[in-house]
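Since we're looking at a predicted model, the values are computed, not measured. Each chain gets a letter, A, B and so on, in the order the sequences are listed, and its residues count up from 1.
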Amino acid sequence: MSDNGKHTNVIVRIQRFNPDNDQKPRMQDFQIELKPGTTILDALQEIKTHQDGSVTYRKSCRHAICGSCAMNVNGKNELVCKTPLRERLDKNGVCTVRPLPYLPIIKDLVVDRTAFWEQYLRVKPWLAPPPTVQTDREYRVSQEEVAAIRNAETCIMCGACYSACQVIALNKKYIGPHALLKAFLRVLDPRDAIPGERLADLDGSDGVYRCHTIFNCIDACPKGLNPTEAIETLRKLAQRRLKVEEERLERQKTITEPIA
Amino acid sequence: MSNTTTIIHDVIIVGAGLAGSWAAMVAAQQGVKDVAVLSKIHPLRSHSGAAQGGIAAALNNVRPVAGTGPRGPLEQVPPGAEPADSIDLHVFDTIKGSDWLGDQTAIEIMCRDAVDVVYEYERLGCVFSRTQDGRIAQRRFGGHSAPRANFAADWTGHVLLHTAHEQALRHGVKFYSEWYCLDLIIEDTICRGVVALDVLTGAIHTMRAKAVLFGTGGYGRAFKITSNAFANTGDGVAIAYNAGVPLMDMEFVQFHPTGLYKHGILMSEACRGEGGYLLNAQQERFMEKYAPDKMELAPRDLVSRSEQREIDEGRGVEADGQGIWLDLRHLGREKILARLPQVRELAIDFVGVDPIDDLVPIQPTAHYSMGGIPTDVDCQVIADASGAPVVGFYAAGEAACVSVHGANRLGTNSLLEASVFGRRAGFAIAEFVKGGAKLQPLGGDPAARQRQRVREMLGREGGELVEDIAQELKTTMTNNCGIFRDEARLRQAWEDVRALQARFRTARVMDKSSRFNTDLLAAIEAEHLLTFSEVIVAGALTRTESRGAHSRTDFPKRDDKNWLKHTVAHKNGADGPQLSYKDVDIDWQKYPPQERKY
């Protein structure tokens, strides 16, 4: 490869599909030079800007924080911006890129995320603030309470988990790991006033019991988060929903007071 | 490109980062029924989310441990203790950071509103890091004389963006996700709406509104090494300029001292705020020479120039000598994992180095656009140096120039500016709309011109590739209009930009389809880069002084006698920009210009 200063040509195999012209998806090979540090996104950019401008995908930040570029690489969902191409070449020097599975294709590697965002909206992703609103300082939250929701705080809504989920593959009514992780963030936040209402909603047939704990979401998450664990926590909390409501009311009595 | 209709809303906001989301949320909250936000990428992909280190506000939650000096440990402020920080101190630091080019009334408003805005984020659900007693945690940042960077680990922008978007949804704002604004409709200095392309279908629509806000972000993509996302192509700035709106202080471009070597990806200033060092090839903390007091926590313009000087004088690192070391090793594993987890992963993913054990190669990277669309303190866009309004047109955040950053922005003041002025814009727009603003009539079909433009672009065959032209632009802007500038290099940049503009007129787009045509969008974005770059270069060439981020080696001193003024550039047909100048708003009693030393 490039270790001795020489460059090697490799193949990026891309699934192509424009529903306006094509009956069904097809694979197309592009040859590019493998340079040190080339990411899969760099490779797609090289192909798009110099070989075939019609190759279509989403991208933006190029450092794994915006969530645009989740795709399926060699059968696994990941963010192509942070994945080195070299690490995804098979023994023939081929890397295969497909759109996220189980979602309608808009064009090439761009998928229709309507169902994904509908579920995000369904869980009311915003905080429902405590009834007593104070405006001149912050609510007091302990470091432990923040640590408990860190698993959900950094989710970038890339969809890698969603489209790796076997339940989602069969049933788009399932809320899904991304939205359940968001719900987890709200339910555990001591400032949220409606954990009971949230848990009641998540308790239904499309909610936490739909998860079959196959763990695909954990494998797929490019941020190292654990939606399955969050879903299991929600399941346990849902079983003692009234108690959770009570505890929250109690906690919110001292939400403006210093943590001891 | 068929199926086009006219769409009508009370308010149209272009851009869904912090400025746009706040404006939308507040306008809706204030009772404007019909608020729509257009974004060329999904709102949660906006570049505000990439900001890492913090948002400034003098909350007084944390202070230095007495007797430990400017880089010693911090502790939570005990109840009843004397405040260690103040709004006035934040104001002064920002003015000094701006090299006295910032407008002082706007700066005072920003620093005063800061406290309120950060508490509001907290009330709206933002998950901040905390002190032991449960307050919002704070850290040091460059150019700030107290620890006032309020943070959530090193993903502060991410949590702020998600919070603001969630709240906009909660208030019933309508989002047009993946709609690309092509034009701004202004007749007789009254704004009447925009023309936009639905990326999914390729249809081009006229969108009428009583008020339009641009929160379209910065223009760092005009440079080769940049921390900016692909999306940061200064679209709003270019569109406004083409529509006859002036641009202000465009020559002031911030180079951040710590972009990952070769990639330009941001390694947060929090690395230095938490105590990180910068080392040259001889492993010297070279900032001792340039800012003996503040060291690595001097403002960004100064630190980037110092790095570039070390590089230019042969003390850079890596094979080509273009790098500098960022040393975090002494912070220890625990602190890095708790405070800088994202930064650590970026270093591992992109340069294969774990900062817990090794030095990280970095280099200066084009980061922030101080210039932009000039506005008053309520985000009302002004039409000229006299301050006359463009009725119904507002701008906020990095796309705007209000101007709170002047010649150089302090870290953590950008998330603050976008939030404070996005919020102010929301109030101003609500007042404007509820005060009886009307939909203004249109002369002709504004979408027709854009359809013609797109047809013409898609129709070109056999020309050069857009990407090659864009790369040449970035190269000349970096080499000739970068950290250090002089007349000869700027003249070269001017000639290059003009020649590239001419070449672009025959460049070809490869994808001819109407569905989700990102090749077409890339071409329009490249055209925008070429459009505003002429303003950056013209402003830099004319400004014969060094101030903040604008550093002329042939005019190394600040010249308050001749240049304590804002550059205002109007498009003047094929001749390039017409420059005029606007006084800086200065309180001569309270904050008169001083020598800027750190």
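- Residues that satisfy the ring-ring contact (aromatic ring centres under 6.0 Å, His included) test with B/His165, not counting sequence neighbours, are B/His42, B/Phe175.
- Of the two parts of A/Val110, only the side chain, counted from C-beta on, holds a non-hydrogen atom closer than 4.5 Å to a non-hydrogen atom of chain B.
- For A/Ile149, the part sitting under 4.5 Å from any heavy atom of chain B is the side chain, from C-beta outward, and nothing else.
- Without hydrogens or angle criteria, A/Gln143 side chain to B/Arg130 main chain gives a donor-acceptor distance under 3.5 Å.
- Proximity of a side-chain donor or acceptor of A/Glu138 to a complementary backbone N or O of B/Glu122 within less than 3.5 Å is not detected.
- Using modelled atom types, one finds a donor on one side chain and an acceptor on the other under 3.5 Å when comparing B/Ser513 with A/Lys107.
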With a cut-off of 3.5 Å and sequence neighbours excluded, list every side-chain donor-acceptor pair involving residues 118-126 of chain A.
residue: A/Gln119; atom: NE2; partner: A/Lys172; partner atom: O; Å: 3.2
residue: A/Arg122; atom: NH2; partner: A/Asp201; partner atom: OD1; Å: 3.2

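- Proximity to chain A (any heavy atom under 4.5 Å) is shown, for B/Glu120, by neither the backbone nor the side chain.
- Residues of residues 15-26 of chain A that come within less than 4.5 angstrom of chain B, heavy atom to heavy atom, are A/Asn18, A/Pro19, A/Asp20 in numerical order.
- A search for ring-ring contact (aromatic ring centres under 6.0 Å, His included) contacts involving B/Phe350 returns B/His263, not counting sequence neighbours.
- Contact annotation for A/Glu87: neither backbone nor side-chain heavy atoms come within less than 4.5 Å of a heavy atom of chain B.
- Neither the backbone nor the side chain of B/Arg508 comes within contact range of chain A; no heavy atom of the residue lies under 4.5 Å from a heavy atom of that chain.
- Of the possible polar contacts, none joining the B/Glu467 side chain to the A/His50 backbone as a donor-acceptor pair under 3.5 Å is found.
- Interface remark: A/Ile255 contributes no atoms to any contact with chain B (heavy atom separation under 4.5 Å).
- Side-chain atoms of A/Lys59 and B/Thr518 form no donor-acceptor pair, as typed in the model, at a separation below 3.5 Å.
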